[in-house]
Amino acid sequence: INSDRFFSVRDPDVFRQLTQNEYDAYTTITEADLVEVSGAVRTQLSITDKGWQFTLPYNQKVLSDSVTFNDSVFFVVFSPEINVANSCAAGAGTNFLYQVSVINGDPVVNNLDILAAADADGARENTLQQGGIAPSPTILFPSANLSTCTGAACSPPPIGCVGVECFNPGFDNNPVRTLWTQDGIQ
């Protein structure tokens, strides 16, 4: 059985520029270096682990970019209908939206402390209703009408969307201004 995987690889040198020699000396990370998190919950990764991998259910494939926001990774997979998998028909199948913890691939749910490992994979995914191959998820931050809003209505929560199908990503609208620069760029 051929299964696809979603990978999260840790970069220990994300905050510094490597020399070419340092880069060349890096050991290639393989699947054997990654912690498998499918069928598991509350996985503990050590400081020496190179990252994690999630083995997708049979016939699911990631066909678009993932989005990482607020310690969650969102990605869409597509599962073609079995009876048309070998034909030239386009887009017949089902899309699934996954939301996992960037730290260890856990499902992002309120009951994680009591969630059984057997239920973890199902808790990571939600079936999307749209046909065809869905695009990448997007996180939107709606604006409030500051002249008429009061209280919490002045800070509406973010909305996640995959195409025209939207969902609650599960976090508040507390944006923090972040500036980014990269040293050595001219």
Flag the pair Val35 / Thr43 as yes when at least one side-chain heavy-atom distance between them is below 4.5 Å, and no otherwise.
yes
Give the minimum heavy-atom separation between Ser79 and Gln60, together with the two atoms involved.
CB-CG, 4.0 Å
Separation of Thr127 OG1 from Glu165 CD (nearest 0.5 Å)
9.5 Å
Are any side-chain N or O atoms of Asn168 and backbone N or O atoms of Gly160, one a donor and one an acceptor, separated by less than 3.5 Å?
no
Honestly curious: do Val73 and Ile103 fall in one hydrophobic cluster under the side-chain, below-4.5 Å linking rule?
yes
Over all atoms of both residues, closest heavy-atom pair of Val108 and Val100:
CG2-C, 3.6 Å
Could you check if a side-chain atom of Val37 sits within less than 4.5 angstrom of a side-chain atom of Arg124, using non-hydrogen atoms only?
yes
Glu31/Lys50 salt bridge by N-O under 4.0 Å criterion
no
Under a 4.5 Å cut-off applied to non-hydrogen side-chain atoms, are Pro107 and Leu115 in contact?
yes
is_close_aromatic(Phe167, Phe74), centroid dist under 6.0 Å
yes
Check step by step if side-chain hydrogen bond (donor to acceptor under 3.5 Å, both in side chains) holds for Thr19 and Asn21.
CA-CA 5 Å; Thr19 67; Asn21 288 338; 5.3 Å; no
Give every donor-acceptor pair under 3.5 Å between a side-chain atom in residues 134-143 and any protein atom, sequence neighbours left out.
residue, atom, partner, partner atom, Å
Ser136, OG, Asp65, N, 3.0
Ser136, OG, Asp65, O, 3.1

Asp11 side, atom CG; Leu18 side, atom CG - distance, nearest 0.5 Å
7.5 Å
Tyr26 and Asp24, any side-chain heavy atoms less than 4.5 Å apart
no
Find out whether Glu125 and Gln99 are in side-chain contact, i.e. whether some heavy atom of one side chain is under 4.5 Å from a heavy atom of the other.
no
Give the minimum heavy-atom separation between Pro156 and Ala144, together with the two atoms involved.
CD-CB, 3.8 Å
Above 12 or not: heavy atoms from other molecules or residues under 6.0 Å from OH of Tyr23?
no
Flag side-chain contact, heavy atom, 4.5 Å: Arg16 against Glu22
yes
What about Val41 and Val109, same hydrophobic cluster or not, with Ile/Leu/Val/Met/Phe/Trp/Tyr joined at side-chain heavy-atom distances under 4.5 Å?
yes
When you compare the side chains of Asn70 and Ser72, does any donor N or O come within less than 3.5 Å of an acceptor on the partner?
no
Evaluate whether atom CG of Asn110 has more than 12 neighbouring non-hydrogen atoms of other residues, nucleotides or ligands under 6.0 angstrom away.
no
If every non-hydrogen atom of Gln44 is compared with every non-hydrogen atom of Asp49, which pair is closest and at what distance?
O-OD2, 4.4 Å
Does any donor atom in the side chain of Ser38 or Glu36 lie under 3.5 Å from an acceptor atom in the other side chain?
yes
With a 4.5 Å limit on heavy-atom distance, are the side chains of Asp106 and Leu112 in contact?
yes
Hydrophobic side-chain clustering at under 4.5 Å (ILVMFWY, transitive links): who's grouped with Leu146? Put none if nobody.
none
Shared hydrophobic cluster for Phe96 and Val67 (ILVMFWY, side-chain gaps under 4.5 Å)
no
Could you report the tightest heavy-atom contact between Leu34 and Ser8, atom names first, then the distance?
CD2-O, 4.4 Å
Quick one, Arg5 and Leu56 - any side-chain contact, counting heavy atoms below 4.5 Å?
no
Common cluster, Leu63/Phe75, ILVMFWY with side-chain heavy-atom separation under 4.5 Å
no
Any donor and acceptor pair, going by atom type alone, linking the side chain of Asn95 with main-chain N or O of Leu128 inside 3.5 Å?
no
Show every ring-ring contact (aromatic ring centres under 6.0 Å, His included) that has at least one partner inside residues 28-54, sequence neighbours left out.
Phe54-Tyr98
Identify the two heavy atoms, one from Leu45 and one from Asn104, that lie closest to each other, and give their separation to 0.1 Å.
CD1-CB, 3.8 Å
